[in-house]
2 protein chains.
Amino acid sequence: MRTPGELSELFRANGRKVTAQRQCIFRVLEGDMTHPSAEAVHIAATREMETISLKTVYQTLHDLADLGEISSLDLGTGMIRFDPNVDDPHPHLVCRHCGKVRDLVAAFPDLQIPDGADLGFEVGSAEIVFRGLCPECRQSTLQLST
Amino acid sequence: MRTPGELSELFRANGRKVTAQRQCIFRVLEGDMTHPSAEAVHIAATREMETISLKTVYQTLHDLADLGEISSLDLGTGMIRFDPNVDDPHPHLVCRHCGKVRDLVAAFPDLQIPDGADLGFEVGSAEIVFRGLCPECRQSTLQLST
DNA sequence: GCCTTATCTACAATCAGTGTTGAAGAACAA
DNA sequence: TTGTTCTTCAACACTGATTGTAGATAAGGC
Ligand SMILES: [Mn+2]
Ligand SMILES: [Mn+2]
Ligand SMILES: [Zn+2]
Ligand SMILES: [Zn+2]
């Protein structure tokens, strides 16, 4: 995702207006590594702008996704997660217990489908997801099993 | 997943009763490669047993998942999909357009997380998903763009 | 300043899935 | 066969994320 300033340019160039709410959401997303849900973005945005509505957050997130500035991920945690890190593809670590999502920063081999194995699918993207327990939830489940 | 007969044994061994509805669901799942949703299982089951309820289908699918005989997959298609093929892990092909899910039958390298890159997660499983267009949807979207 | 678009509030609707109830039916052990 | 226990069914309400609607207000951009 680009900087808030660049995003404002981009929105204008696409005939969208640069409102205070949208800029607030730009700022909230900048550098957010938590893969927030729409609700999480809303909560963070409310700290800067008390009256921003959840509806507006959904709209702006979809605008950003349509422009390819963020990606929306359905990782099975019950809510769509948004990822400002779209520049290089990366695997995700997902906590089975609390739904935490983190980037896995490590080089992974490009997954190539052998010829004839794609069953006629026109494949556009590949995703790798590791599921497990995050450090915090590891702690709490340890206590349960003792 | 085991055969319907073996599943009946397994259910009895676990203190569950072997009802006609459950056996019907066992048969429906046997050899199903489509990764059906609960609703799809229900529709197929209704062909054999008209009065079987969707609730019972959900219950039995969860029973089977609890016993490890099928796996439940949330692949972002809007519905949980069930996979009787649990014996060897495999990637999935998912159609962005119609939600079709197919096994990718090809050997993939075991995904190993480099030391120190797991951010403290206790990783239990890895999933690979390829997204794209299935042959049928490729056809229909071709017609749209001409 | 004018036109257009965005936002807000408030509410209803969707949709997959879960929970509840009580009554009826079936499985299974004895 | 009998009795206990589990399962199913129907019918319904409910959840929770997300989308849709409406009219009124506000603000962006030229
Ligand atoms: Mn990410
Ligand atoms: Mn599969
Ligand atoms: Zn966790
Ligand atoms: Zn398709």
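No hydrogens, no waters, no symmetry mates; every other heavy atom, side chains included, goes into these values. Reminder, nothing fancy here: chain letters follow the sequence lines and each chain counts from 1. Bear in mind that the values here come from a model prediction, so they are computed numbers and not experimental data.
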Please verify the inter-ring angle class for B:His62 with B:Tyr58; under 30° counts as parallel, over 60° as perpendicular, anything in between as tilted.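 The arrangement is tilted - the two ring planes meet at 30° to 60°.
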Take B:Val18 and B:Ala38, find for each the nucleotide of DNA chain C with the closest heavy atom, and name the residue whose nucleotide sits nearer the 5' end.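 Looking at DNA chain C, the more 5' nearest nucleotide goes with B:Ala38.
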Which part of the nucleic acid does B:Thr51 contact within heavy-atom distance under 4.0 Å: base, sugar-phosphate only, or nothing? sugar-phosphate
Under 4.0 Å, counting only non-hydrogen atoms across every strand here, what does B:Gly78 touch: a base, just sugar-phosphate, or nothing? sugar-phosphate
Nearest-Å distance, [atom1] ([X]) to [atom2] ([N])?
X       : N      : atom1 : atom2 : answer
B:Gln23 : C:dA27 : CD    : C1'   : 11 Å
A:Ile52 : C:dA6  : CD1   : P     : 14 Å
A:Lys55 : C:dA12 : NZ    : C1'   : 12 Å
B:Lys17 : C:dG25 : NZ    : P     : 16 Å
A:Asp63 : C:dT7  : CG    : C1'   : 13 Å
A:Tyr58 : D:dT21 : OH    : P     : 17 Å
A:Ile43 : D:dA17 : CD1   : C1'   : 14 Å
A:His42 : C:dT9  : NE2   : P     : 9 Å

Within less than 4.0 Å of OP1 or OP2 of [N], is there a side-chain N or O belonging to [X]?
X       : N      : value
B:Gln59 : C:dT18 : no
B:Thr56 : D:dT7  : no
B:Arg16 : D:dC6  : no
B:Arg12 : C:dC28 : yes
B:Thr19 : D:dT7  : no
B:His62 : C:dG17 : no

Take atom [atom1] in [X]; do more than 12 heavy atoms of anything else shown fall under 6.0 Å from it?
X        : atom1 : result
A:Asp115 : CG    : no
B:Met49  : CE    : yes
B:Arg2   : CZ    : no

Looking at the side chain of [X], which of [options] is the nearest nucleotide?
X       : options               : answer
B:Gln21 : C:dT18, D:dT18, D:dC9 : D:dC9
B:Thr60 : D:dT8, D:dG29, C:dG17 : D:dT8
A:Met79 : C:dT7, D:dT18, D:dG29 : D:dT18
A:Arg22 : D:dA10, D:dA17, C:dT7 : C:dT7

Counting only N and O atoms by type, is there a donor-acceptor contact under 3.5 Å from the side chain of A:Asp83 to the main-chain atoms of A:Asn85?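 Yes, the answer is positive, given that a donor and an acceptor are paired below the 3.5 Å cut-off.
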Which residue lies toward the 5' end of DNA chain D, B:Met49 or A:Ile80, if each is placed at its nearest nucleotide? B:Met49
Side chain to side chain contact (heavy atoms under 4.5 Å, CB included) between A:Ile128 and A:Leu111: does it pass, once the steps are laid out? CA-CA 10 Å; A:Ile128 301 179; A:Leu111 298 174; 3.7 Å; yes
